[in-house]
Amino acid sequence: MSLFSSFSDTSNSISTERKTLFAEVIIPVPLKTTFTYRIPFELNDFVQSGVRVVIPFGRKRVLTGVVKSVTQEAPKGYSAKYILELLDEEPLITQTQIWFWSWIASYYMCSIGEVMNAALPSGLKLSSTSRLQLHPDWKNGINQEEIKEKQAEYDLSEDEIRLINLLELENSLTYEQAGEKLDLQDVYQIIKKLTQKRIVIIFEELKEKYSPLKEKQIRIAEKYATQEGIAEAFTKTTRSVKQEELLLTYLSKNPIKNYPKSISKKELLGENLSASSLKTLIKNGIFEEFEKTLSRFEFEEWTETESQISLTSTQENAVNQIFEHFQDKSTVLLHGITGSGKTEMYVSLIEQVLQSGSQVLMLLPEIALTSQIVVRLKRIFGNAVGVYHSRFSDNERVEVWKGVLNGDINFVIGVRSSVFLPFEHLGLIIVDEEHDPSYKQYDPAPRYHARDAALVLAHKHQAKVVLGSATPSVESYFLAKQKQYGLVEVLQRFGEATLPEIQLVDLKKSKKRKELKENFTLELFEQMKTALEQHEQVLLFQNRRGYAPYLSCEVCEWIPECQNCSVSLTYHQRANELRCHYCGFSTKVPQTCSACSSTKIYPKGFGTQKLEEDLQVLLPESRIARMDKDTTRTRTGYEKIIDAFEKHEVDILVGTQMITKGLDFEKVNLVGVFDADRILFFPDFRSSERFMQLIMQVSGRAGRRSGKGKVVIQTNSPSHPLFAIISLHDYQTFYNQEILERQEYSYPPFARLIKLMVRHEEREMAQKAAFILSKKLQPKLGAGRVLGPEAPIIERIRNKFQQAILIKLERNKFDLGKTKEFIQSQIDELYKDKSFKKIQVVVDVDFV
DNA sequence: AGCACGCCGACT
DNA sequence: GTCGGCGTGCTC
């Protein structure tokens with residue numbers, strides 16, 4: 001039930017002085033301003049920065065917003081509407097968070113409402129889920145006579161009676177439903193009156209939705225929890241085999257010495273045992289049944305911990321170096337190659353910071369989060385750790401949020417959005433795999449970079465940051481070299497392990513000699529066979545899911561394309577469909593070519609699914625699994641595959657990027673890489689960096705224990721200079737070359753990039769608007785700093801044509817804030833032209 | 001973003 | 001004559 005569902009009781013008002021107060025409210029709409037609402041007197045003492053409120057917005061809508069600040073100043077030019085309801089007794093959002101939201105909004109050029117949307121788990125933003133109910137004091141099911149009596153007593157209007165009658169029928173309604181059913185324009189006025197009269201209450205659906213997870217538990221009664229007791233219990237079950245079975249099962253799972261430990265009813269009954277017999281046992285007082293509130297995370301009963309991880313002297317030395325750097329630097333880049341034991345070093349750091357009483361946040365890339373590292377950390381830190389992940393249900397995320405807020409959780413492992421959790425006293429943020437592009441949010445605004453945002457957040461908390469990577473981003477490494485960050489390098493693998501050998505196989509030659517078996521070169525295939533003979537496992541990496549990227553006509557080379565986007569359609573074999581990965585469009589596979597009517601339409605290229613299928617034919621004896629977005633839709637899907645591979649129930653694992661992150665398998669010595677060229681020749685200034693990172697990461701999976709790992713890369717251009725560097729695992733040389741190029745062409749870290757994407761249904765309009773916008777920007781920024789407009793690689797998405805403008809701003813040469821304001825003002829000005837009303841400009845600051 | 005108001009075509 | 005198309009403008 002709502003805390004202050006009615007604000008009628010002026011007699012109880014704590015306020016002695018009737019001050020008129022206003023609240024600046026952050027509202028989940030993409031508008032750049034906050035909105036000012038009047039605070040009802042009754043709530044004067046309760047509305048404060050960081051609480052959620054329900055407010056009317058526009059004529060019909062009722063939204064949940066967050067109070068940014070409270071002022072005494074009345075807004076000018078309009079009269080503020082009243083806050084309808086207060087949802088929180090204490091702020092749910094801290095002052096630091098409000099500050100942080102504002103920073104993100106201004107740096108990434110979006111509205112604070114958009115930031116709020118990304119920051120709050122949906123369980124906390126109940127926009128239109130506030131529901132109405134009759135007040136429990138109001139008698140339900142009253143007859144017409146009584147209504148007439150009450151009508152006088154309560155001074156009820158016609159509409160109010162209609163709403164009451166509706167609620168008697170429907171039990172509960174949302175604001176919208178009430179408005180629709182009664183066909184009223186301003187329901188909230190009526191609702192407000194009825195709440196004041198204590199006839200109707202508003203309650204948060206959330207509080208019903210969000211309930212702790214409970215489970216029925218069974219344990220043996222205390223008086224039977226001894227050797228003698230057990231014997232006695234058995235005498236009482238002599239007549240029932242099923243009851244004996246239950247007792248025996250219980251004892252096998254839960255020895256008596258562990259009393260009062262219990263097991264879940266579900267588990268006890270798991271193997272087809274009789275529920276009615278259990279009932280009898282409970283009735284006879286041998287077992288006890290009770291409800292237990294579970295944490296939603298599965299590690300609640302860790303009795304032993306893996307703690308006191310022992311560090312090698314190299315690792316210990318690195319940890320000490322990190323602490324030394326922290327004396328005068330707030331950020332340290334930990335460049336530790338795969339297999340150097342970064343996790344162990346993190347654990348040591350985390351333990352020390354937690355002991356000092358500060359909070360710790362550890363960021364991991366999206367797909368690494370369900371992996372082994374999390375399991376390990378859970379084992380070590382037990383209940384004090386919260387895991388924040390998009391695959392978790394909303395309840396779980398709300399639980400972590402509240403846990404952080406009330407201090408139960410001091411350590412969070414999470415994806416990029418966990419920078420938004422309500423930390424009060426962060427001591428350390430670790431950004432693992434700091435180079436990973438999944439830290440940057442692409443699509444809905446805020447298009448923020450979690451690593452960069454974490455640095456700002458840490459600064460605000462005066463916390464320290466460790467950026468960890470085996471292949472640091474050029475930006476971070478540059479800053480470390482510039483001594484802005486401390487730099488700690490661990491370039492030795494743990495134990496005996498050495499870095500794997502990298503073998504390049506020339507695809508062109510292979511093709512010429514007709515040695516290709518499907519997509520396998522002879523070299524790779526033979527080595528796979530050898531590995532399997534020696535009972536080793538093999539990882540195959542192909543960064544493309546599905547069966548084939550596209551179809552093509554043998555005769556005229558026609559390729560089916562999406563009708564909404566300028567991309568070829570991907571062939572999905574299982575559904576026998578062509579699908580667009582950008583807009584979701586799908587169509588049946590055409591039987592004849594649309595251009596020449598030939599029937600010779602065949603799949604071209606290959607994805608993980610095809611590799612898997614071919615392998616089943618080429619190596620019928622081997623056990624093959626596939627790991628990509630399609631096989632890991634569910635949370636357990638991922639775990640099952642990893643588990644099977646760990647137990648060596650699978651010999652060959654085919655996968656996309658997913659297999660490259662944070663996995664540690666003992667028996668893998670061979671890794672095969674397909675289609676590497678696509679990343680290498682991707683037209684982007686980061687392609688070299690991406691490629692280097694990818695290959696280093698993939699090769700990190702091979703030979704982690706044995707020290708005889710091998711990576712076989714199939715490529716059309718084995719002579720590409722980057723391969724020479726990668727083969728030597730030589731990050732330094734890569735960096736030295738790359739940084740020169742970045743400097744020459746003024747790319748990050750020497751410049752900041754802002755991308756403006758101009759969109760319109762018509763190509764000409766998009767081009768025209770983008771051209772005009774770039775001309776508006778050029779005079780002040782300098783023509784050399786405004787590049788484009790030009791059509792991006794995919795010119796049309798969802799029936800909108802795009803034009804990209806790239807703005808390069810050299811570091812330390814610009815007042816970034818002012819420049820962004822200028823850019824925004826020019827965009828706003830563009831909109832003033834009536835013909836550009838339907839133009840959309842998407843701003844991406846520091847895009848990656 | 002939603003949602004309402006408003007001004008033009010194809011329908012009972 | 002109305003229903004509804006979506007262009008335009010506003011939301012405290």
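Throughout, protein chains are lettered first and strands after them, A, B, ... in sequence-line order, and every chain is numbered starting at 1. Note that these values count all heavy atoms, side chains included, but never hydrogens, waters or copies made by symmetry.
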Non-neighbouring partners of [X] that pass side-chain contact (heavy atoms from CB on, under 4.5 Å), sequence neighbours left out:
{"X": "Thr33(A)", "value": "Phe35(A)"}
{"X": "Ala454(A)", "value": "Leu363(A), Val419(A), Ile429(A), Val431(A)"}
{"X": "Ser594(A)", "value": "Trp558(A)"}
{"X": "Gln48(A)", "value": "Val51(A), Pro91(A)"}

Per-pair distances, 0.1 Å, donor-acceptor, side chain in residues 834-848 of chain A, under 3.5 Å, sequence neighbours excluded:
{"from": "Ser835(A)", "atom 1": "OG", "to": "Asp833(A)", "atom 2": "OD1", "distance (Å)": "2.8"}
{"from": "Asp844(A)", "atom 1": "OD1", "to": "Lys440(A)", "atom 2": "NZ", "distance (Å)": "2.5"}
{"from": "Asp846(A)", "atom 1": "OD2", "to": "Tyr107(A)", "atom 2": "OH", "distance (Å)": "2.6"}

For nucleotides 10-12 of chain C, list the nitrogen or oxygen atoms of the protein found under 3.5 Å from its nitrogen or oxygen atoms, one pair per line.
{"from": "dT11(C)", "atom 1": "O3'", "to": "Gly58(A)", "atom 2": "N", "distance (Å)": "3.2"}
{"from": "dC12(C)", "atom 1": "OP1", "to": "Tyr37(A)", "atom 2": "OH", "distance (Å)": "3.3"}
{"from": "dC12(C)", "atom 1": "OP1", "to": "Gly58(A)", "atom 2": "N", "distance (Å)": "3.4"}
{"from": "dC12(C)", "atom 1": "OP2", "to": "Lys81(A)", "atom 2": "NZ", "distance (Å)": "2.4"}
{"from": "dC12(C)", "atom 1": "O3'", "to": "Thr36(A)", "atom 2": "O", "distance (Å)": "2.7"}
{"from": "dC12(C)", "atom 1": "O3'", "to": "Lys81(A)", "atom 2": "N", "distance (Å)": "2.8"}
{"from": "dC12(C)", "atom 1": "O2", "to": "Thr36(A)", "atom 2": "N", "distance (Å)": "3.0"}
{"from": "dC12(C)", "atom 1": "O2", "to": "Tyr78(A)", "atom 2": "OH", "distance (Å)": "2.3"}
{"from": "dC12(C)", "atom 1": "N3", "to": "Tyr78(A)", "atom 2": "OH", "distance (Å)": "3.3"}

Not counting sequence neighbours, list each pair that qualifies as a salt bridge (charged side-chain N to carboxylate O under 4.0 Å, His left out) and has a residue in residues 448-457 of chain A. Glu434(A)-Arg451(A)
Write out all pairs satisfying salt bridge (charged side-chain N to carboxylate O under 4.0 Å, His left out) with one or both partners inside residues 97-118 of chain A, taking only residues at least two apart or from two chains. none
Establish, yes or no, whether the cationic atom of Lys780(A) lies under 6.0 Å from the six-membered ring centre of Phe822(A) and within 45° of the ring axis. yes
Go through residues 831-838 of chain A and report each residue with a non-hydrogen atom lying under 4.0 Å from DNA chain B, sorted by number. none
Rounded to whole Å, please give me the gap between CD in Gln840(A) and C1' in dG7(C). 17 Å
